[in-house]
Amino acid sequence: RYIGDWSSDVCSSDLDFEKMQSGVACIINDMSVFQTPSPVMATRYAIGVRAYARIPLMVEGVLVGVLNMAAKQAGHFTDERVDILRMVADQLALALQQSILRHQVEEQTAQLERRVAERTAELEAANNELQSFSYSVSHDLRAPLRTIDSFSKLLQDELGDSISGRAAGLLQRVRKGSQRMAELIDDMLSLSRVSRQAMRRGTVDLDRKSTRLNSSHRCISYAVFCL
């Protein structure tokens, strides 16, 4: 704490600010002693100010503000009153620091929300493009499959009983393969729509599903773990 022989120029200059940064208070208890006061001091004196105090607001050694006090009576800022002002300044400094931190948090939160909104919009656009692509591809794939299945059936109907057993079996396999491929395309489209639907919780009978999948000559194994 510094009390006493501050000049009027010091308490309104860069030197004053430097001392404020180090936590030093500027206390002028009698402004009439200055023969050549600065314009700022002269203005204060003209409106009746006779004592002046500037208390730095410090938080962890960092200047976050200044508490300015004025009195009409010379010698008003005694040691006891300066101590009280310092306690008030400490509380104001903490409140100011909390306000600054809250503002920073709010800015960071708003920035994060903007980024999330941007990423969400980009993801939605990508999903829409993927959906359009999926429908386009599925349509392009279905057309040749329908052609294969249709011509295979025409051959079966045209040849009738004259077709050999081996040829009939091959045509049947072609038809089943094309129909199975069409089912897979439909399943892929259904799977692509799952990510855009709300999650629904429910009980799943894995044994029954695995039995059904095993009927298609697939080897299925699964394990259940606690989350």
Side-chain angles (χ1 to χ4, degrees), residues 59-60 62 64-65 93-227:
V59 176
E60 297 180 355
V62 178
V64 296
L94 290 175
L96 181 59
Q97 182 70 0
Q98 290 175 356
S99 176
I100 294 173
L101 292 176
R102 183 170 59 254
H103 179 68
Q104 292 175 348
V105 170
E106 290 174 352
E107 283 189 344
Q108 292 175 356
T109 301
Q111 185 178 8
L112 181 59
E113 290 177 350
R114 288 194 298 269
R115 290 180 179 177
V116 170
E118 292 173 358
R119 296 295 185 271
T120 302
E122 293 174 359
L123 182 59
E124 290 178 353
N127 285 336
N128 291 334
E129 292 179 1
L130 180 59
Q131 184 178 8
S132 300
F133 175 76
S134 299
Y135 279 114
S136 176
V137 170
S138 65
H139 180 271
D140 293 341
L141 289 177
R142 281 197 183 97
L145 290 174
R146 285 194 297 268
T147 301
I148 293 172
D149 185 52
S150 299
F151 278 113
S152 298
K153 188 176 186 306
L154 285 175
L155 278 175
Q156 285 180 329
D157 296 341
E158 182 73 20
L159 296 176
D161 296 335
S162 64
I163 190 173
S164 65
R166 183 172 182 275
L170 291 176
L171 283 175
Q172 188 62 27
R173 290 178 61 184
V174 170
R175 291 198 65 195
K176 285 185 177 180
S178 62
Q179 292 170 2
R180 176 58 179 160
M181 187 64 186
E183 292 177 357
L184 290 175
I185 292 174
D186 291 336
D187 292 341
M188 290 178 63
L189 286 176
S190 298
L191 181 61
S192 67
R193 288 192 288 268
V194 169
S195 61
R196 296 187 294 275
Q197 295 177 353
M199 182 69 70
R200 292 180 296 177
R201 296 179 179 271
T203 302
V204 179
D205 189 346
L206 294 179
D207 288 331
R208 189 177 68 176
K209 288 187 176 295
S210 62
T211 300
R212 187 179 64 180
L213 290 173
N214 283 329
S215 64
S216 61
H217 306 291
R218 295 182 181 182
C219 181
I220 305 297
S221 62
Y222 62 88
V224 179
F225 300 93
C226 295
L227 297 178

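Computed from a prediction, not measured in an experiment: that's the story for all the values here.
- The CD atom of Q108 sits 12.5 Å away from atom CD of E113, with the distance rounded to the nearest 0.5 Å.
- When atom types are taken as modelled, the side chain of T120 and the backbone of V116 share a donor-acceptor pair closer than 3.5 angstrom.
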Side-chain donor/acceptor pairs under 3.5 Å, residues 168-179, sequence neighbours excluded:
{"unit_1": "Q172", "atom_1": "OE1", "unit_2": "Q156", "atom_2": "NE2", "d": "3.1"}
{"unit_1": "R175", "atom_1": "NE", "unit_2": "D149", "atom_2": "OD1", "d": "2.8"}
{"unit_1": "R175", "atom_1": "NH1", "unit_2": "Q156", "atom_2": "OE1", "d": "3.4"}
{"unit_1": "S178", "atom_1": "OG", "unit_2": "V174", "atom_2": "O", "d": "3.3"}
{"unit_1": "S178", "atom_1": "OG", "unit_2": "R175", "atom_2": "O", "d": "2.8"}
{"unit_1": "Q179", "atom_1": "NE2", "unit_2": "D149", "atom_2": "OD1", "d": "3.3"}

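- For residues 181-192, the set of pairs meeting the salt bridge (charged side-chain N to carboxylate O under 4.0 Å, His left out) definition, not counting sequence neighbours, comprises R142-D186, R180-E183.
- Here the side chains of T147 and F151 are in contact, with some heavy-atom distance below 4.5 Å.
- Between S99 atom OG and L94 atom CG the span is 12.5 Å, to the nearest 0.5 Å.
- Within the structure, salt bridge (charged side-chain N to carboxylate O under 4.0 Å, His left out) pairs that include any residue of residues 117-139 do not occur (at least two apart or interchain).
- Interatomic distance, E107 CD to Q111 CD, rounded to the nearest 0.5 Å: 8.5 Å.
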Given side-chain contact (heavy atoms from CB on, under 4.5 Å), test R102 with E106 step by step and report yes or no.
CA-CA 6 Å; R102 183 170 59 254; E106 290 174 352; 3.7 Å; yes
